[in-house]
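Heads up: the structure comes next, in structure tokens.
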There are 2 protein chains.
Amino acid sequence: MKKNTLQYILLGLIEQKGMSGYDLKEVFKNEIGEFWQAEHSQIYPTLKKLEEKGWISSTITIVGTKLEKKVYSITPLGKEQVNDWLFNQPNELASFKDEFILKLYFIKENDQQAIQDILTEQQRLHRLKLEHLYARREVIFPEKKALNGDIGHYLILDHAINREQCTLTWIERTLASLPLE
Amino acid sequence: MKKNTLQYILLGLIEQKGMSGYDLKEVFKNEIGEFWQAEHSQIYPTLKKLEEKGWISSTITIVGTKLEKKVYSITPLGKEQVNDWLFNQPNELASFKDEFILKLYFIKENDQQAIQDILTEQQRLHRLKLEHLYARREVIFPEKKALNGDIGHYLILDHAINREQCTLTWIERTLASLPLE
DNA sequence: TCCAGCATGTAACGAGTTACATGATTCG
DNA sequence: CGAATCATGTAACTCGTTACATGCTGGA
């Protein structure tokens, strides 16, 4: 019954490399944000609980002369827990919530112009996102293939790009089929 | 700042046709569940609040001899609110959470067998889902095109099918590229 | 010196899930 | 007559977001 996926993600990230709460937030922003997000207000309390359970431990590092940075590292118990999550716990399919398609559902045939407008706007948003993803891939993986230890990062980007391309293709196909009915 | 998307979805559904909380739950299960879900424990209190705001009104219908069924219908104020949501409020891109790709990210290059296992399992799940969607389309839209007033339903099914096909294609492509690195 | 960014936390609230609780109806 | 389904609600909890709150660092 217990889920709490975020704690396992934090644990997995810390296992790769000792990190602070702030560092973790950056990873969400730069690497895995396409498939999971968390605010720092959720990250810090979760780290606290993980330390209480003995899955991670922390040491204070001083930045500059005063600023305290709490760097976490994984414990043997923590490693067991990540492995259990990775290999023993089934991952159910992601449950999506997308209000865009619901708006289409509600507008229906009585307003073709509105359908077209909403599809076009969604197309614009997905194009922007896709361009942004292409640009990032260009910077990080100029060879268009994974490097040394960054296969995970490459797969996530590739998966996100694939998702956007497919969504755009569907929107274009649907636009082309207008007027419906 | 205020969002509460669920209330607009309930409102939109009730606008199409007077419905009870139970009926609404069935629509989530049968029509729009691929892109939004809600339990009855969330639906009933939301309906109550909508009635308090005067966006919907209810009448009691008797089923059999005793069972009370509360059928809601939309008010003029409610219609205004749906329209405002549909046409004036921007719909941001859906934010996805998918632990499957994160597991791939964490496993990385050190265990090719595990990567293959997890991809194959995910492939199995998406194939099942896709077959299920095909079967439903066959039953509801045997002509493979939208009918009379069911364009919204058709678009949702079509979008869900497209999503599953694309995900499967990506999984197959990634499996074919193994071993990585 | 000022400002963006580094760094960490808590509080309040809203959204969503699971469990608890009850009773009627319909069909085999 | 029994089981699945129809029908409605509340309680307790977890998850997630926004806002509040504070202070340091590094570079222009």
Side-chain angles (χ1 to χ4, degrees), chain A residues 1-10 14 18-30 32-33 35-53 56 58-72 92-99 102, chain B residues 1-10 14 18-30 32-33 35-53 56 58-72 92-99 102:
Chain A
M1 298 298 133
K2 294 259 168 180
K3 200 72 63 62
N4 198 351
T5 304
L6 178 61
Q7 69 178 346
Y8 293 108
I9 295 171
L10 297 178
I14 292 167
M19 274 192 266
S20 68
Y22 191 91
D23 297 334
L24 288 161
K25 181 73 194 90
E26 294 300 296
V27 179
F28 279 97
K29 200 161 76 187
N30 302 319
I32 64 177
F35 297 101
W36 206 278
Q37 319 81 39
E39 299 299 322
H40 77 271
S41 59
Q42 202 185 1
I43 293 171
Y44 288 116
T46 305
L47 288 170
K48 203 176 175 183
K49 280 175 212 154
L50 284 173
E51 192 169 24
E52 282 164 11
K53 288 196 280 193
I56 56 178
S58 65
T59 50
I60 304 286
T61 305
I62 302 294
V63 178
T65 57
K66 284 184 186 171
L67 188 59
E68 295 193 343
K69 185 174 168 145
K70 200 186 277 186
V71 177
Y72 291 95
E92 55 259 56
L93 291 180
S95 85
F96 296 95
K97 299 214 163 185
D98 185 351
E99 58 177 320
L102 285 166
Chain B
M1 294 299 131
K2 293 259 167 177
K3 201 70 65 60
N4 196 352
T5 304
L6 178 61
Q7 69 179 347
Y8 294 108
I9 294 171
L10 296 180
I14 292 168
M19 274 192 266
S20 67
Y22 191 91
D23 296 334
L24 289 160
K25 182 71 193 91
E26 292 301 296
V27 178
F28 279 97
K29 201 162 77 186
N30 302 319
I32 64 178
F35 297 100
W36 206 279
Q37 317 82 39
E39 299 300 322
H40 78 272
S41 59
Q42 201 185 2
I43 293 171
Y44 288 116
T46 304
L47 288 171
K48 203 176 173 181
K49 279 175 210 152
L50 283 173
E51 192 169 22
E52 283 163 11
K53 288 196 281 193
I56 55 176
S58 63
T59 48
I60 305 287
T61 304
I62 302 295
V63 177
T65 57
K66 285 183 188 170
L67 190 59
E68 295 193 345
K69 184 173 169 148
K70 201 184 276 185
V71 178
Y72 291 95
E92 55 259 55
L93 291 179
S95 86
F96 296 96
K97 299 213 161 184
D98 186 352
E99 60 178 317
L102 285 165

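The structure presented is a predicted model; accordingly, all values stated were derived computationally and were not measured. Here is the naming used below: chain letters follow the sequence lines, and residue numbers restart at 1 for every chain.
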Between atom [atom1] in [X] and atom [atom2] in [N], what is the gap in whole Å?
X	N	atom1	atom2	answer
B/Lys66	C/dG23	NZ	C1'	9 Å
B/Ile9	C/dA15	CD1	C1'	13 Å
A/Lys69	D/dG26	NZ	C1'	14 Å
B/Tyr22	C/dG23	OH	C1'	14 Å
B/Lys70	C/dA24	NZ	P	17 Å
B/Lys97	C/dA15	NZ	P	15 Å
B/Asp23	D/dT5	CG	P	16 Å
A/Lys3	D/dC13	NZ	P	19 Å

(request) Go through residues 36-51 of chain B and report each residue with a non-hydrogen atom lying under 4.0 Å from DNA chain C, sorted by number. (result) B/Glu39, B/Ser41, B/Gln42
(message) As a test of reading the structure: which of D/dT25, D/dA7, D/dG9 is closest to the side chain of A/Leu67, going by heavy atoms?
(response) D/dT25
(request) Would you kindly compare B/Tyr72 and B/Lys29 by the position of their nearest DNA chain D nucleotide and give the one closer to the 5′ end? (result) B/Lys29
(message) Looking at B/Lys97 and A/Gln37, would you say the former's side chain and the latter's main chain have a donor-acceptor pair under 3.5 Å?
(response) yes
(message) Run the side-chain contact (heavy atoms from CB on, under 4.5 Å) test on B/Leu24 and B/Tyr72 for me, step by step, so that the C-alpha distance in whole Å, both residues' side-chain angles and the decisive distance to 0.1 Å come before the verdict.
(response) CA-CA 10 Å; B/Leu24 289 160; B/Tyr72 291 95; 5.5 Å; no
(message) Consider ring-ring contact (aromatic ring centres under 6.0 Å, His included). Of A/Trp36, A/Phe96, A/Phe35, which one does B/Phe96 pass it with?
(response)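 Among A/Trp36, A/Phe96, A/Phe35, the one that satisfies the ring-ring contact (aromatic ring centres under 6.0 Å, His included) with B/Phe96 is A/Phe96.
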(request) Examine C/dT8: is either OP1 or OP2 under 4.0 Å from a nitrogen or oxygen in the side chain of A/Lys25? Give yes or no. (result) no
(message) Closer than 4.0 angstrom, basic N to acidic O: yes or no for A/Glu52 and A/Lys49?
(response)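 Between A/Lys49 and A/Glu52 there is no salt bridge, as every charged N stays at least 4.0 Å from the carboxylate O atoms.
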(request) Answer yes or no: is there an ion pair linking A/Glu51 with A/Lys48, defined by an N-O contact shorter than 4.0 Å? (result) no
(request) State, with a plain yes or no, whether a side-chain heavy atom of B/Leu10 is found less than 4.5 Å away from one of B/Ile56. (result)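 With C-beta onward as the side chain, the pair stays apart.
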(message) Applying side chain to side chain donor-acceptor pair (under 3.5 Å), can you list everything that pairs with B/Asp23, at least two apart in sequence or on another chain?
(response) B/Ser20, B/Lys69
